[in-house]
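Comments concern the structure below.
We're numbering straight along the sequence, starting at 1.
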Amino acid sequence: MKIILNADDFGLTHEANLGIAKAFDEGFCSQASVVTNTNYFDEAVSLAEKNNFKHKVGLHINLFDGTPLTSGIKKLKQYARSDLFDYHPDFLHRVTPIYTDVIAEELEAQIQKYLSGGFSLMNIDSHHCAFYDIPVLYGLMPLLKKYKFESVRYIGNSFFNGSKWRHFYGAQWKKKMDQLHLRHANYSSSVATFDKNRKSRNPQLMKAKKAEVYVHPVLVEGYFIDNYTGGTHLEDSFKKAKLDKMKFITSRDL
């Protein structure tokens with residue numbers, strides 16, 4: 001099996017920037033995705049340039065943390081408070097195409113800033129899976145076509161939890177992505193879920209010739225951890241999941 005090992009949250013914090021630079025240097029990721037609306041974006045650009053991995057960085061759209069790049073979304077109480085992102089849409093605002101024009105304006109600003117940084121992987125995923133929600137998805141789809149994105153992180157394995165609604169919705173989401181002819185792996189999950197599914201021989205994972213696994217490397221006072229797991233040492237979880245035995249690729253290889 002070939003693995004895209006994506007380091008999420010590049011640009012989110014100084015510690016994430018240091019962790020992802022280390023992950024590239026030591027072989028714990030094959031690509032990354034960058035957050036554009038923080039004070040650490042410029043640092044991320046500089047680190048990627050210095051360490052020659054700009055061509056391996058996609059866009060991590062973000063509606064959860066930091067300050068929006070556009071003013072319209074700041075006025076929507078479902079998405080922002082006190083000029084900061086505060087993403088907490090109720091069920092109605094998750095499943096109906098409400099405020100898609102305002103959301104699209106913010107997403108386009110993030111895409112343009114991504115491109116201004118000189119990044120070129122043209123792969124897209126989202127912070128806390130915001131692009132699963134209908135208003136975000138509908139705002140994003142025309143932009144993916146307009147800016148010629150080439151690949152996307154497919155809907156995560158853990159999304160399908162036995163709920164009939166989730167299975168129906170997930171199938172529709174996949175259909176929308178396929179209509180845009182975006183390349184993708186047929187499996188995606190965190191390292192911990194990948195390890196669990198590997199051991200249980202999960203059918204979706206076993207059928208996938210190419211899969212995506214995501215990590216959230218941070219470097220804090222010498223500790224190199226996966227922030228997604230609440231502090232597991234990245235090297236330990238990497239080896240536990242047998243990822244050190246896998247062949248790594250980027251989304252360009254899909």
Side-chain angles (χ1 to χ4, degrees), residues 1-10 12 15-34 47-48 51-60 119-127 129 150-161 170 174 177 182-220 222-254:
M1 181 183 295
K2 297 178 181 178
I3 301 287
I4 295 170
L5 193 57
N6 194 92
D8 289 12
D9 294 349
F10 193 38
L12 186 64
E15 291 78 11
N17 286 346
L18 295 180
I20 289 172
K22 182 178 175 69
F24 269 110
D25 185 54
E26 298 188 5
F28 292 108
C29 69
S30 58
Q31 65 182 46
S33 47
V34 68
L47 281 170
N51 294 283
N52 194 32
F53 60 82
K54 262 191 176 182
H55 60 296
K56 295 182 179 180
V57 178
L59 174 60
H60 199 56
F119 298 115
S120 60
L121 184 61
M122 301 310 289
N123 180 68
I124 193 159
D125 53 51
S126 67
H127 196 43
C129 303
E150 299 172 0
S151 56
V152 64
R153 175 180 294 164
Y154 230 31
I155 199 162
N157 172 267
S158 58
F159 183 83
F160 300 99
N161 62 357
K174 289 180 178 181
M177 292 294 106
L182 293 168
R183 299 192 304 271
H184 55 81
N186 288 322
Y187 172 95
S188 70
S189 77
S190 67
V191 175
T193 300
F194 174 83
D195 188 37
K196 180 181 71 174
N197 287 332
R198 179 186 63 83
K199 290 175 179 175
S200 67
R201 300 191 65 80
N202 174 277
Q204 186 184 359
L205 178 58
M206 293 300 105
K207 291 177 183 177
K209 294 181 179 178
K210 299 174 182 177
E212 180 170 359
V213 178
Y214 44 84
V215 292
H216 298 71
V218 294
L219 185 63
V220 182
Y223 290 95
F224 184 43
I225 62 176
D226 184 352
N227 201 39
Y228 186 80
T229 62
T232 302
H233 284 264
L234 184 57
E235 185 174 0
D236 293 342
S237 60
F238 183 87
K239 290 182 177 178
K240 180 183 176 184
K242 307 297 185 186
L243 285 165
D244 55 330
K245 309 296 183 184
M246 304 289 182
K247 180 178 180 180
F248 294 147
I249 60 174
T250 72
S251 57
R252 283 198 177 95
D253 301 311
L254 291 170

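Ring geometry, Phe53 versus Phe24: the interplanar angle falls under 30°, so the pair is classed parallel (tilted spans 30 to 60°). Ring pair Tyr228/His216 is parallel by interplanar angle, where below 30° counts as parallel and above 60° as perpendicular.
Going from atom OG of Ser30 over to atom CD1 of Ile4 covers 6.5 Å, rounded to the nearest 0.5 Å. Between atom OH of residue Tyr214 and atom OG of residue Ser189 there is a gap of 6.0 Å, rounded to the nearest 0.5 Å.
No side-chain heavy atom of Asp253 sits less than 4.5 Å from a side-chain heavy atom of Lys2. A 4.5 Å side-chain heavy-atom check between His127 and Asp9 finds at least one atom pair inside the cut-off.
With salt bridges taken as basic N to acidic carboxylate O contacts below 4.0 Å, one links Asp8 and Arg153. Ion pairing of Arg198 with Asp195 is present here, as a side-chain N (NZ or NE/NH1/NH2) and a carboxylate O approach within less than 4.0 Å.
Using a 3.5 Å distance cut-off with no hydrogens or angles, the side chains of Ser33 and Asn6 do pair a donor with an acceptor.
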> Between Phe238 and Phe224, does a ring-ring contact (aromatic ring centres under 6.0 Å, His included) hold up when you go through it step by step?
Replying inline: CA-CA 12 Å; Phe238 183 87; Phe224 184 43; 9.8 Å; no

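Annotation: Phe160, atom CZ; neighbour count of heavy atoms from other residues, nucleotides and ligands within 6.0 Å is above 12.
Every residue meeting the side chain to side chain contact (heavy atoms under 4.5 Å, CB included) condition with Lys54, not counting sequence neighbours, appears here in chain and number order: Val45, Ala48, Glu49, Phe119.
Evaluation of the side chain to side chain donor-acceptor pair (under 3.5 Å) test over residues 235-245, restricted to residues two or more places apart or in two chains, returns Glu235-Lys239.
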